[in-house]
Colleague: 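Got a structure for you, written out below as structure tokens; questions coming shortly.
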Amino acid sequence: MNKFVIAIDGPSGVGKSTLGKALARHFHFLFIDSGAVYRAIALQALQQHTPLDHREAVAAIACRAQVKLEGDPDALRVYLDGQEVTQAIRASEVTRAASVIATIPQVREAVVEKLRRMADASGVVMDGRDIGTTVFPNAPVKLFLEAAPEVRAQRRWLEERNKGREVSYEQVKAELVERDARDRDRAATPLVKADDAILIDTSTLDLEKLIARVLEIVESRG
Ligand code: DC
């Protein structure tokens with residue numbers, strides 16, 4: 001049976017996971033948040049006090065770590081070597097560490113392999129930075145979301161506040177711009193739009209309109 005993959009790429013705060021979860025629900029597809037895998041590896045490196053610039057040691061963690069995603073798209077649980085880390089991987093030091101370790105080519109290779117193995121269903125929605133270019137270059141539907149940095153920072157800031165974290169908008173924006181630069185400038189499979197991906201600017205689109213538009217695109221290719 002052929003696998004139908006919807007690849008969603010783009011920087012932080014563009015709405016990838018909100019869109020991905022809505023599509024997965026609509027089509028009864030498996031939803032895979034690829035960033036969660038980088039985050040789980042970063043968490044293990046931090047827990048083991050492995051310096052993030054010790055590339056071989058971090059790559060060894062990436063190869064060895066067992067990362068599992070379980071549950072519905074809206075209540076996805078993340079397990080690292082059998083321990084639930086759903087909340088722990090969202091800590092701000094893990095967010096930063098994930099973007100650092102994601103620049104290591106051997107880490108990326110190990111994660112790409114894990115992601116392909118996880119996509120064990122006839123229909124898959126996967127979001128990330130390199131899904132349409134590297135993980136599933138033959139995906140029939142590739143979306144690349146963009147939005148103005150101010151809009152993305154505002155969304156992230158609201159999310160942080162809703163989680164009860166005291167952080168300024170300026171700080172959220174500065175960290176987001178720093179992570180974006182690392183994602184776009186790294187040598188190994190950087191964040192770029194695949195030539196055949198559809199570019200969608202979500203700066204002014206509300207979510208319902210975005211989902212309706214993407215459903216039309218997917219149905220036209222199904
Ligand atoms: O999507 P996210 O913010 O949870 O991802 C965490 C980090 O992982 C992000 O800084 C970039 C990296 N990442 C990546 O390099 N490639 C992916 N496919 C997904 C995430």
Side-chain angles (χ1 to χ4, degrees), residues 5-21 24 31-46 52 55 58-59 61-62 65 67 69 73 76-78 80 85-119 124-137 139 142-147 149 152-153 155-160 163 165 172-194 197 202:
V5 177
I6 302 176
I8 308 178
D9 289 303
S12 311
V14 284
K16 297 186 299 292
S17 81
T18 310
L19 174 65
K21 288 172 186 175
F31 173 67
I32 300 178
D33 164 9
S34 68
V37 181
Y38 288 94
R39 286 171 179 270
I41 292 163
L43 175 67
Q44 188 157 91
L46 293 173
L52 301 182
R55 298 182 151 228
V58 180
I61 292 176
V67 185
L69 303 183
L76 210 60
R77 295 184 306 279
V78 184
L80 169 64
V85 293
T86 312
Q87 300 295 332
I89 60 166
R90 302 291 156 193
S92 47
E93 61 272 31
V94 178
T95 301
R96 192 185 163 276
S99 99
V100 173
I101 60 110
T103 63
I104 303 172
Q106 300 93 315
V107 169
R108 303 200 66 78
E109 280 163 29
V111 174
V112 168
E113 215 174 280
K114 287 187 205 301
L115 292 171
R116 289 186 183 143
R117 260 188 275 125
M118 279 179 180
V124 175
V125 180
M126 193 178 288
D127 86 355
R129 306 292 190 288
D130 61 343
I131 311 306
T133 53
T134 307
V135 184
F136 288 112
K142 297 181 188 179
L143 307 169
F144 192 89
L145 308 190
E146 267 292 5
R152 298 191 286 115
R155 288 177 185 156
R156 279 281 174 267
W157 179 60
L158 285 175
E159 279 174 19
E160 293 295 310
K163 286 182 202 157
R165 292 188 192 143
V172 170
K173 185 169 170 218
E175 288 172 1
L176 182 129
V177 166
E178 186 192 328
R179 286 201 309 277
D180 274 2
R182 246 196 311 268
D183 286 347
R184 292 186 203 267
D185 297 343
R186 67 178 173 233
T189 55
L191 170 65
V192 282
K193 177 186 162 301
T202 68

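Ligands are counted one by one from 1 in listed order, and the atoms in each one are counted from 1 as well.
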Colleague: How does Arg39 reach ligand 1, by side chain, by backbone, by both or by neither, if only non-hydrogen atoms under 4.0 Å count?
Modeller: side chain
Colleague: I'd like to know if Glu159 pairs up with Arg156 as an ion pair, taking the criterion as any Lys NZ or Arg NE/NH1/NH2 lying under 4.0 Å from an Asp or Glu carboxylate oxygen.
Modeller: yes
Colleague: Asp183 heavy atoms, cut-off 4.0 Å: which ligand 1 atoms fall inside?
Modeller: 9 (C), 10 (O), 11 (C)
Colleague: Salt bridge or not between Arg117 and Glu113? Use side-chain N to carboxylate O under 4.0 Å.
Modeller: yes
Colleague: Could you work out, with side-chain contact (heavy atoms from CB on, under 4.5 Å) as the rule, every residue matching Ala42, not counting sequence neighbours?
Modeller: Val94, Ala97, Ala98, Ile101
Colleague: Starting from atom 5 (O) of ligand 1, what is the nearest protein heavy atom, named by residue and atom, and what distance separates them?
Modeller: Gly35 CA, 3.6 Å
Colleague: Within the 4.0 Å heavy-atom shell around Ser99, which atoms of ligand 1 are there?
Modeller: 10 (O)
Colleague: Which pair of heavy atoms, one from Pro11 and one from Asp180, lies closest together, and at what distance?
Modeller: CB-OD1, 3.6 Å
Colleague: Where is the nearest protein heavy atom to atom 8 (O) of ligand 1: which residue, which atom, and how far?
Modeller: Tyr38 CB, 3.5 Å
Colleague: Do you know which two heavy atoms are closest between Met118 and Val67, and how far apart they sit?
Modeller: CE-O, 3.3 Å
Colleague: Can you name the atoms of ligand 1, numbered from 1 with element, that are less than 4.0 Å from a heavy atom of Ala102?
Modeller: 12 (C), 15 (O)
Colleague: What's the shortest distance from atom 7 (C) of ligand 1 to any protein heavy atom, and which residue and atom give it?
Modeller: Ala98 CB, 3.8 Å
Colleague: In the protein, which heavy atom is nearest to atom 18 (N) of ligand 1, and how far is it?
Modeller: Asp130 OD1, 2.8 Å
Colleague: Using the rule side-chain contact (heavy atoms from CB on, under 4.5 Å), only one of Asp9, Asp127, Ile8 pairs with Leu145; which is it?
Modeller: Ile8
Colleague: Examine the proximity of ligand 1 to Lys16 and report which part, side chain or backbone, both or neither, has a heavy atom under 4.0 Å away.
Modeller: neither
Colleague: Looking only at heavy atoms, is any part of Val37 under 4.0 Å from ligand 1, and if so is it the side chain, the backbone, or both, or is it neither?
Modeller: neither
Colleague: Using salt bridge (Lys or Arg N to Asp or Glu O under 4.0 Å) as the criterion, point out the one residue from Lys16, Arg184, Lys193 that pairs with Glu146.
Modeller: Arg184
Colleague: What I want to check is whether the side chains of Ser99 and Arg186 have a donor and an acceptor closer together than 3.5 Å.
Modeller: no
Colleague: Under the rule for side-chain contact (heavy atoms from CB on, under 4.5 Å), what residues qualify as partners of Pro105, not counting sequence neighbours?
Modeller: Arg55, Ala188
Colleague: If we set the cut-off at 4.0 Å for heavy atoms, which region of Arg186 has an atom near ligand 1: side chain, backbone, both, or neither?
Modeller: side chain
Colleague: Which of the listed options, Arg108, Arg96, Arg182, Glu178, holds the heavy atom that is closest to atom 16 (N) of ligand 1?
Modeller: Arg108
Colleague: Which residue owns the protein heavy atom closest to atom 9 (C) of ligand 1, what's the atom, and how far is it?
Modeller: Arg129 NH2, 3.5 Å
Colleague: Would you tell me whether Thr95 and Arg39 have side-chain atoms, one donor and one acceptor, within less than 3.5 Å of each other?
Modeller: yes
Colleague: For atom 19 (C) of ligand 1, grab the closest protein heavy atom and report residue, atom and distance to one decimal in Å.
Modeller: Ser34 OG, 3.3 Å
Colleague: Under 3.5 Å between some N or O of ligand 1 and some N or O of Thr95?
Modeller: no
